[in-house]
**Q** 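Dropping a structure here in structure tokens format, bear with me for questions.
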Amino acid sequence: IVIDAGHGGQDPGAIGDKKIYEKNVTLAAAKELKKQLEESGRYRVYLTRDKDVFIKLGDRVKIARKYGADLFVSLHADSIDNHNVRGASIYTLSNTASDKQTEKLAARENKVDLIGGVDLSHEDKDVANILIDLAMRDTMNQSKFFANTVVGKMSASQIKILERPHRYAGFAVLKAADIPSVLIEMGFMSNNKEAQALSSPAYRAQIAKAMKSGIDAYFDKVQKNNKN
Ligand code: ZN
């Protein structure tokens, strides 16, 4: 399993009240999830980054491929003008975003590669289109199944989730054709309460626990299918 802590280095991601940076929240959450998964003894877990460094979106996918990941989980925390909105959501890849808000989010998350220096957005697009075409239906279905499993576990463990929590968007980081991949927006940095919660180890442990249950259930099903 490769866990990707969103943003990092000169890219802080969304910034919440009291200077809570998304890049720090995602890193802390990634480390917590890694710890919980490793404690189970069932998984080998790698992080795309374990410190505050900038990594291009394409390189994050390359890291997942390098480790031969069976699952890629990218962690983020969203931001929106309406500060009352809170709740987690999970994204899987699609050519067409589920709505305007989702499209804006994907554009914002994808833009960070420009910060790193060279503008790869043009090249990325061609590569991305080919990858999307090549993406096996199977991988997409597995990603979708995993997303819905995590949504179920989150709502069962009293974590606030958005209405229609499983959404579709063209996140660059989800474009591995052969690795089931999801992007989890753990909550909203723009909501004070949620930004505070996300900066607390106790809440992150709770979210990580729900994500781990989702991962367990996912691999239970994968193993069962492989036996049949
Ligand atoms: Zn983000």
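Sequence positions, counted from 1, serve as the residue numbers for this chain. None of the values given here were measured: they were computed from a predicted structure. First listed ligand is number 1; within each ligand, the first listed atom is number 1.
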**Q** What are the two closest non-hydrogen atoms of T92 and S181, and how far apart are they?
**A**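 Answer, listing the atom of T92 first, then S181: CG2-O, 4.1 Å.
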**Q** Fit a plane to each ring of H7 and H76, take the angle between them on a 0 to 90° scale, and name the class: parallel (under 30°), tilted (30 to 60°) or perpendicular (over 60°).
**A**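 Correct class here is perpendicular.
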**Q** Determine whether the side chains of H166 and N148 contain a donor N or O and an acceptor N or O closer than 3.5 Å.
**A**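 Yes, a side-chain donor-acceptor pair sits under 3.5 Å.
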**Q** Would you mind listing every salt bridge (charged side-chain N to carboxylate O under 4.0 Å, His left out) that reaches into residues 180-209, with sequence neighbours excluded?
**A**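 Salt bridge (charged side-chain N to carboxylate O under 4.0 Å, His left out) check on residues 180-209 returns R86-E194.
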**Q** Charged N to carboxylate O under 4.0 angstrom, R49 versus D4?
**A**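 Looking at R49 and D4, the cut-off is not met.
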**Q** If waters are left out, how many protein N/O/S atoms lie within less than 2.8 Å of the Zn ion (ligand 1)?
**A**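 Of the protein's nitrogen, oxygen and sulfur atoms, 5 lie under 2.8 Å from the Zn ion (ligand 1).
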**Q** Indicate whether any N or O donor in one side chain lies under 3.5 Å from an N or O acceptor in the other, for Y43 and D216.
**A**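 Y43 vs D216: donor-acceptor pair found between side chains.
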